[in-house]
Amino acid sequence: MLPSRLCEFCRRLEPMCPKTVMSHLDRTIFDEKKLLEFAELGSYLEYDLFGTELLNYQFNTSVDMPSDNDRIKTLRSLISQGYEDRIVISHDIHTKNRLVKYGGHGYSHILNNIVPKMLLRGISQESIDKILLGNPKRWLTFK
Ligand SMILES: CC[C@H](C)[C@H](NC(C)=O)C(=O)O
């Protein structure tokens, strides 16, 4: 189901939609206009494949998996469009080769590598704190 159709469905469950998160946007919506149209629906925007840099995405060969640098550029664009309060990020470590024990970047990749690069590319510490702390806290707080 297209992300926009899914989110429209969630909108009909009104109390849910502000808590809706669309995961794997990294490998789902590439067109900036379509991404902004989706962001307008109000879902959290999850870029959860940091550290996944693939030549061939095994589940859909028509997808060219973005790099971490591509992800950072997309986040910077979403922030410039006013969506910093809706972004959440993570690693989605789904294979053991990405674990430190097996020579991978491990669960500190975002803190050790991505945050410094975000700052280098002009994303403010305030925005980063929202993305890493404030947004997940708000999203995961159920009253
Ligand atoms: C490279 C696959 C992605 C990590 C992701 N898989 C899971 C299990 O989350 C996907 O794109 O489906």
Side-chain angles (χ1 to χ4, degrees), residues 1-123 125 127-142:
M1 179 186 276
L2 283 173
S4 51
R5 293 278 307 275
L6 197 53
C7 210
E8 283 299 338
F9 171 75
C10 291
R11 280 169 88 92
R12 285 198 287 277
L13 310 174
E14 191 50 39
M16 279 281 290
C17 200
K19 293 292 187 183
T20 304
V21 61
M22 183 54 68
S23 66
H24 295 340
L25 277 177
D26 330 42
R27 56 92 167 130
T28 306
I29 303 179
F30 299 95
D31 177 82
E32 184 172 8
K33 183 172 179 290
K34 286 181 180 158
L35 178 58
L36 294 175
E37 286 170 358
F38 177 75
E40 192 62 33
L41 296 174
S43 164
Y44 281 93
L45 309 167
E46 189 174 72
Y47 284 78
D48 50 22
L49 295 171
F50 277 98
T52 297
E53 310 227 11
L54 299 170
L55 175 63
N56 296 306
Y57 174 54
Q58 67 266 45
F59 300 121
N60 183 342
T61 54
S62 69
V63 166
D64 288 330
M65 186 67 76
S67 68
D68 282 350
N69 284 318
D70 296 331
R71 294 181 181 99
I72 290 170
K73 286 175 189 162
T74 301
L75 295 188
R76 189 175 58 190
S77 172
L78 284 168
I79 291 165
S80 73
Q81 297 285 336
Y83 290 104
E84 68 179 17
D85 293 325
R86 304 304 290 173
I87 297 168
V88 286
I89 65 175
S90 73
H91 305 92
D92 193 350
I93 293 184
H94 65 296
T95 53
K96 69 182 184 181
N97 65 304
R98 296 176 56 209
L99 296 173
V100 168
K101 181 179 178 182
Y102 295 96
H105 51 64
Y107 287 100
S108 58
H109 176 55
I110 286 176
L111 296 179
N112 290 344
N113 306 312
I114 300 303
V115 167
K117 192 61 181 283
M118 290 168 86
L119 291 166
L120 204 57
R121 289 292 178 265
I123 297 175
Q125 186 64 55
S127 295
I128 292 168
D129 291 347
K130 287 183 178 182
I131 291 168
L132 295 180
L133 301 167
N135 296 348
K137 181 179 174 184
R138 181 182 337 104
W139 170 40
L140 296 172
T141 301
F142 283 82

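Numbering of ligands and ligand atoms starts at 1, following listing order.
Residue His24 places at least one N or O, backbone or side chain, under 3.5 Å from an N or O of ligand 1. At under 3.5 Å, not a single nitrogen or oxygen of Gln58, backbone or side chain, sits near a nitrogen or oxygen of ligand 1. Ligand 1 has no N or O atom lying under 3.5 Å from any N or O atom of His94, backbone or side chain.
In summary, the side chains of Asn60 and Ser62 do present a donor paired with an acceptor at a separation below 3.5 Å, with no hydrogens or angles considered. For the residue pair Ser67 / Asn69, no side-chain donor-acceptor distance below 3.5 Å is found, with atom types taken as modelled.
For atom 9 (O) of ligand 1, the closest heavy atom belonging to the protein is Asp92 OD2, 2.8 Å. For atom 11 (O) of ligand 1, the closest non-hydrogen atom of the protein is Tyr57 OH, 2.6 Å. Distance from atom 12 (O) of ligand 1 to its nearest protein heavy atom, with residue and atom name: Arg27 NH2, 3.3 Å.
With rounding to the nearest 0.5 Å, the separation of CG in Leu133 from CD1 in Ile128 is 10.5 Å.
Contact check for Asp26 versus Thr74: no side-chain heavy atoms found under the 4.5 Å cut-off. Under the 4.5 Å side-chain criterion, counting only non-hydrogen atoms from C-beta, Asp64 is not in contact with Phe30.
A search for salt bridge (Lys or Arg N to Asp or Glu O under 4.0 Å) contacts involving Glu84 returns Lys130, not counting sequence neighbours.
Every atom of ligand 1 is numbered from 1 in the order shown, and the set under 4.0 Å from a heavy atom of Leu49 is 3 (C), 4 (C).
Within the 4.0 Å cut-off (strictly below), a protein heavy atom is located near atom 2 (C) of ligand 1.
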